[in-house]
Amino acid sequence: MLDIKLIREKTEFVRQRLATRGAGDETKIDELLKLDEQRRKALAEVESLKSLRNRLSKEIGALMGQKKLAEAEAKKAETKNLGDQIAALDKQASESESARDTLMLQLPNLPHESVAIGKTAEDNPEIRVHGTKTSCDFTPKTHVELCESLKLVDFQRATKLSGSGFLLYTNWGARLERALIQFLLDLHVTQHEYTEVSPPFMVGEQCMVGVGQFPKFKDQYYGVAEGGDANNLGKLYLVPTAETPVANIHREELLKETDLPIRYCAYTPCFRGEAGAAGVGTRGMIRVHQFDKVELIKIVKPEHGYDELEKMVANAEKVLQLLGLHYRVILLCTGDMGFGSAKTYDIEVWAPGQGSYLEVSSCSNCEDFQARRMNLRFKSETGENKFPHILNGSGTALARLFVALIETHQQADGSLHIPEPLQPYLKASRITA
RNA sequence: GGAGAGAUGGCUGAGUGGUUUAAGGCACACGCCUGGAAAGCGUGCGUAGCUAAUCCCUACCGGGGGUUCGAAUCCCCCUCUCUCCGCCA
């Protein structure tokens, strides 16, 4: 959520920054300010009436204390109609306020000044590249072919269980998936100063609002119903990312400045409806309804937000470096960024079988946008209550990492070489048919 | 699922209709004291809106509604927490 004061005081600046996203959000500003003005006007009136009522009520109390009952009754009569006026104005003020807040929740974050202005993924500048595309003297198989020949994933039977877009890992595939999760958590916890947490895989609506998934993108997620009772559908949602539960851990709290920075690392499966997305329903692991991910979350003082973002990207890159994968880091342009983000880096890993790069990490600084939505603050040393910056980054998403890994390390004989850092986790250096 | 208890500021904890403009304590900040510290003493200290303002004023005691001139306090609904019982991995 944006700061309403910023919108009031620097209206043109906000309008221009919103316009860089190219989604037309800047057109909502006039309506927003109108509602804000209505609210403030009603509030000023109702507050002076309340002030009057409070004064009279006190006088009535004093009169009754002195047993001057007749005078008290007279004053009561005088005060009586104030109540209706107050109720009417209160209603006006709260209606304006809730209309204003509904609009506020729909407005995306302002892009940081360092973000390139652009419309689509075509406009995303490449920041750096690590390694080179693998050149092998045979035609690389796709991950689907490898999964079938090495029996890592049973696509067919997964469909029988849950429909398209779900994976059934089998034997070495299941072991590899588990090894990767363990490897990622250990890396971030022991080498990168994150505290491991294991959150619920279902969250309440408030969490979805807190990080910005609701109300705007409600159709993207899975709601669950307990038992056969359709009435409680929507009380809980399957997490689309660990960001949702973990970023909300300190929701509604007032932290001490010395509590910061907070750095969390969590594994969860991620559930996504992928409504309208290309590639759902086709075979393979690139876009599925459920995948595993290890997520990094930071809650930091505003002045450290962008340093911490750079470190977070480096933490995610380390994963790919250790696994011997070629990747590039790109900066998302204003038009391609997520709703709550002020600045986002994507990491794309090379998948030789696909002949393309796959997004395996997205690291964002949401600044105070999410903290405002969840009313998470910290008390500074000077006694001020401030909103911290909240950052999230994948470290990394697994199904696609799995794809890049097996496509990159496949051998001419059809077997799979396991990179050295992963071997202790898999307890194998090679997978063969 | 059944029964009971509860939800008050950063924490704790009083408060059953009118100096509660939320007591007291802890924590925190500053000062006194001290060779220095602890203890002790003094002062300050909730959140948000409004505002040039740390002045006023208004709101906020889990959330929503009601009664009243006036509600933390009385009534109704909801949510959550705890204890016990049942069921259960």
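Letters A, B, ... mirror the listed sequences (proteins, then strands); counts begin at 1. In this text the structure is predicted, and so the values were computed from the model without any measurement.
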Spacing of [X] atom [atom1] relative to [N] atom [atom2], expressed in whole Å:
| X | N | atom1 | atom2 | value |
| --- | --- | --- | --- | --- |
| A:E384 | B:G10 | CD | P | 16 Å |
| A:L35 | B:G49 | CG | P | 18 Å |
| A:L43 | B:A48 | CG | C1' | 11 Å |
| A:F387 | B:A48 | CZ | C1' | 10 Å |
| A:D259 | B:G10 | CG | C1' | 10 Å |
| A:L255 | B:C11 | CG | C1' | 14 Å |
| A:L254 | B:C28 | CG | P | 16 Å |
| A:K256 | B:C11 | NZ | C1' | 9 Å |

Checklist entry - Excluding sequence neighbours, so at least two apart, what forms salt bridge (charged side-chain N to carboxylate O under 4.0 Å, His left out) with A:E47? => result none

Item to check | Which residues share a salt bridge (charged side-chain N to carboxylate O under 4.0 Å, His left out) with A:E303, sequence neighbours left out | outcome: none

Can you tell me how far [atom1] in [N] sits from the matching atom in [M], rounded to whole Å?
| N | M | atom1 | result |
| --- | --- | --- | --- |
| B:A7 | B:U73 | C1' | 15 Å |
| B:C78 | B:G4 | P | 15 Å |
| B:G46 | B:C61 | C1' | 12 Å |
| B:C74 | B:G6 | P | 11 Å |
| B:U21 | B:C11 | P | 23 Å |
| B:C28 | B:U12 | C1' | 15 Å |
| B:C45 | B:U54 | P | 14 Å |
| B:U19 | B:C57 | P | 15 Å |

Indicate, with a heavy-atom threshold strictly under 4.0 Å, whether [X] touches base, sugar-phosphate, or nothing.
| X | value |
| --- | --- |
| A:K379 | sugar-phosphate |
| A:K41 | nothing |
| A:R8 | sugar-phosphate |

Tell me if a side-chain donor or acceptor on [X] pairs with a main-chain N or O of [Y] at a distance below 3.5 Å.
| X | Y | answer |
| --- | --- | --- |
| A:R21 | A:G338 | yes |
| A:E26 | A:R15 | no |
| A:R39 | A:S98 | no |
| A:H143 | A:M285 | yes |

Next on the checklist: Taking ring pair (Phe, Tyr, Trp, His ring centres under 6.0 Å) as the cut-off, I'd like each qualifying pair that reaches into residues 145-175 of chain A, sequence neighbours left out, listed once.
Outcome noted: A:F166-A:H289, A:Y169-A:F402

Item to check | Test side-chain hydrogen bond (donor to acceptor under 3.5 Å, both in side chains) applied to A:R251 - qualifying residues, sequence neighbours left out | outcome: A:N248

Item to check | Secondary-structure string, 5' to 3', Watson-Crick or G-U under 3.5 Å, | for another-strand partners, for RNA chain B | outcome: ((((((((.[[[..)..(.....]]].(((((.......))))).((((.......)))).[[[[[..)....]]]]])))))))....

Checklist outcome for this item: Only residue of A:F214, A:F201, A:F271, A:Y221 satisfying ring-ring contact (aromatic ring centres under 6.0 Å, His included) with A:Y237 is A:F214

Item to check | Residue among A:K386, A:R377, A:K301 satisfying salt bridge (Lys or Arg N to Asp or Glu O under 4.0 Å) with A:E257 | outcome: A:K301

Checklist outcome for this item: Among the nucleotides B:G10, B:G49, B:A48, whichever has the atom closest to the side chain of A:R377 is B:A48

Checklist entry - With respect to A:L398, which candidate in A:L180, A:V360, A:L405, A:L176 satisfies the side-chain contact (heavy atoms from CB on, under 4.5 Å) definition? => result A:L180

Checklist entry - Quick one: what's the B/S/- string for nucleotides 58-82 of chain B, heavy-atom cutoff under 4.0 Å, read 5' to 3'? => result BS---------BS------------

Checklist entry - Can a side chain N or O of A:R39 be found less than 4.0 Å away from OP1 or OP2 on B:G49? => result no

